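Reviewing the structure listed below.
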Amino acid sequence: MARGTLTKDAILDAAVALADAEGLEALSMRRLGTQLGVEAMSLYNHVANKDELLRGIVDRVWAALDLALDEPDWRVALHRLCGSGHRAMLAHRWFFQLPVAMGGPARMRVIDATLAHLDHGRIPDELAFHALHVLDGHVFGYTWQDLGFTGVPTSGPAVEEAVAQLDAANLPHLVAHAMQHVSNHPPGDGFVVGLDLLLDGLARSQNGAPMYVTQTLETPDGPFTIIERGGVVVGAGWTGSVDEVATRSGIQPDAVAAGSCTSASAVLAYYAGDSGAVASVPVAPQGTEFRERVWEVLRTIPAGETRTYGEVAAELGTPSASRAVGAACGANVVALFVPCHRVMGASGALTGFAWGVETKKSLLGREGSLARV
């Protein structure tokens, strides 16, 4: 290359091509000069040092992103922006060998565009602050994982043999997941599915509306606090502390605002004598698959009846899992709506209850089952 035609852009183009072809380890000023047909020292007229060169090629990756500034739909825009970032990083495997904070003007434009789309979506500022980093984390993390699994076989005799060697008795969920990889891969692109899950959560906070609403009721058993998301109960318990219920439910307390919960009328009806009023209230407690199965079974126990931990375990097809059922009851974050108070010890003892044994005794007495315990 003639000296007069050497530019910073030409240097960065050659550096990206060399790193793509031979890896970041092959990228040196001397090697780059050879590729360009110039002395290595002449490169320093355009890039101050190796660090500036590396920052420059990272910024070239960021410059490849579609900022989607012409897109009026904030969700579509973020799919375009994040999706293009995913593809750009996949195209340059060396990207993840360099510090995440590297970059320059193009990186700044990506950040600004992301925030602009969140603003157009009317995402509250305090939530957009975290959303920016979460979206970054999804793009970085999913892409890094994709690169790590590049070339790893997902089918064939060797894979099937590896899955067969897993301890299905102790790792049943892992084995089921592995089989999905081998023979029953769910439809959809995992990157897109994950991004949609994030955007769904953000969409619930549009127009400045809180993601969660809480209401505390006075009951004969003391204050009862409910937390709902979109009319679905995600947290409940006998306390006047919203923070306590939120924390137990894995919810950030500052994402909860006081308001009216749709399930409040069912709770008041329960305490007015209609013990079945809470049975049909929609709930969405978050837990492991086993615990969620336990909670589903508990919701089928009618008011006025009880079950032992062993009976619940047997109903689940895991008769030896009575301790795990007990742990699931202890982890129940939507008390009353998922009636873990109706589960007893093998001897009929009341056993423990997250909101106090006296509350459990009161509930069972109200439902007419205490005399049979």
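Just so you know, these numbers use all the heavy atoms, side chains as well, and skip hydrogens, waters and symmetry mates. Quick note: residue numbers are just sequence positions, from 1. Because the structure is predicted, anything quoted here is derived from the model rather than measured.
In this structure, the side chain of His138 engages the main chain of Phe191 through a donor-acceptor pair within 3.5 Å. No donor-acceptor pair closer than 3.5 Å links the side chain of Thr143 to the backbone N or O of Leu90. Side-chain atoms of His117 never come within 3.5 Å of backbone atoms of Leu81 as a donor-acceptor pair (strictly under, hydrogens ignored). Judged purely by atom type and a 3.5 angstrom limit, Arg299 uses its side chain to pair as donor or acceptor with the backbone of Ala279. Under the 3.5 Å distance criterion, the side-chain polar atoms of Thr318 are left unmatched by any main-chain donor or acceptor of Ala321. No side-chain donor-acceptor contact under 3.5 Å links Ser322 to the backbone of Gly310.
Residues Tyr44 and Glu52 have side chains that never bring a donor and an acceptor to within less than 3.5 angstrom of each other. No side-chain donor from either of Thr239 and Thr225 sits under 3.5 Å from a side-chain acceptor of the other. There is a side-chain donor-acceptor pair under 3.5 Å between His177 and His181. Side-chain contact check for Ser369 and Glu305: no donor-acceptor pair (N or O, by modelled atom type) lies under 3.5 Å. A donor and an acceptor atom, one from each side chain of Thr359 and Asp221, are nowhere located under 3.5 Å apart. Using modelled atom types and a 3.5 Å distance limit, the side chains of Ser260 and Gln215 yield no donor-acceptor pair. For the residue pair Glu367/His341, the side-chain donor-acceptor check at 3.5 Å is satisfied. With 3.5 Å as the limit, one finds a donor-acceptor pair spanning the side chains of Asp196 and His79.
By the neighbour-count criterion of 12 heavy atoms within 6.0 Å, atom CZ of Phe96 is densely surrounded, having more than that number from other residues, nucleotides or ligands.
Leu27 has its side chain within reach of Leu53: a pair of non-hydrogen atoms, C-beta onward, lies under 4.5 Å apart. Put simply, the side chain of Leu98 reaches to within 4.5 Å of the side chain of Leu24, judged on heavy atoms. Contact check for Arg366 versus Pro220: side-chain heavy atoms found under the 4.5 Å cut-off. Within the 4.5 Å cutoff, the side chain of Leu132 has heavy atoms near those of the Ile111 side chain. Using a 4.5 Å cut-off on side-chain heavy atoms (C-beta onward), Glu39 and Arg30 make no contact. Side-chain contact check for Val343 versus Thr306: every heavy-atom pair is 4.5 Å or farther apart. Residues Asp167 and Leu174 have side chains not in contact (no heavy-atom distance under 4.5 Å, counting atoms from C-beta outward). Between Arg342 and Leu298, every side-chain heavy-atom pair lies at or beyond the 4.5 Å cut-off.
The two residues Gly345 and Thr308 have their closest heavy-atom pair at O-CG2, 3.7 Å.
Atom CG of Leu202 and atom CG of Leu78 lie 8.0 Å apart (nearest 0.5 Å). Here the straight-line distance linking atom CG of Leu36 with atom CE of Met29 works out to 10.0 Å at 0.5 Å rounding. In this structure, the separation between CG on Asp119 and CG on Asp125 is 7.0 Å, given to the nearest 0.5 Å. Separation of atoms CZ (Arg307) and CD (Glu315) is listed at 7.0 Å; rounding is to 0.5 Å. Rounding to the nearest 0.5 angstrom, the gap separating the OH atom in Tyr270 from the OG atom in Ser263 is 14.5 Å. Here Ser28 contributes atom OG and Leu43 contributes atom CG; the two are 9.5 Å apart, rounded to the nearest 0.5 Å.
For Glu22, the salt bridge (Lys or Arg N to Asp or Glu O under 4.0 Å) partners are Arg31, not counting sequence neighbours.
Aromatic ring orientation, Trp94 versus His92: tilted (interplanar angle from 30° to 60°). Aromatic ring pairs are classed by plane angle as parallel below 30°, tilted from 30° to 60° and perpendicular above 60°; the pair Phe337 and Phe224 is tilted. Using bins of under 30°, 30° to 60° and over 60° for the plane-to-plane angle, the ring pair His133/Phe129 lands in the perpendicular bin. Between Trp238 and Phe353, the two ring planes are tilted [angle within 30° to 60°].
We find that Arg80 and Asp70 are joined by a salt bridge, their nearest charged nitrogen and carboxylate oxygen being less than 4.0 Å apart. Between Glu296 and Arg293, none of the side-chain N atoms (NZ, or NE/NH1/NH2) sits under 4.0 Å from a carboxylate O, so this pair counts as no salt bridge. Salt-bridge check for Asp59 with Arg107: failed, with every basic side-chain N at 4.0 Å or more from each acidic carboxylate O. Looking at Arg87 and Asp146, no side-chain N of the basic residue comes within less than 4.0 Å of a carboxylate O on the acidic one, giving no salt bridge.
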Item to check | side-chain hydrogen bond (donor to acceptor under 3.5 Å, both in side chains) between Tyr309 and Thr351, intermediate numbers included | outcome: CA-CA 11 Å; Tyr309 297 110; Thr351 66; 3.0 Å; yes
Checklist entry - When you look at Asp9 and His46, which way does the side-chain hydrogen bond (donor to acceptor under 3.5 Å, both in side chains) test go after all the steps? => result CA-CA 9 Å; Asp9 281 343; His46 303 277; over 6 Å; no
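A ring-centre distance under 6.0 Å is not found for Phe290 and His173.
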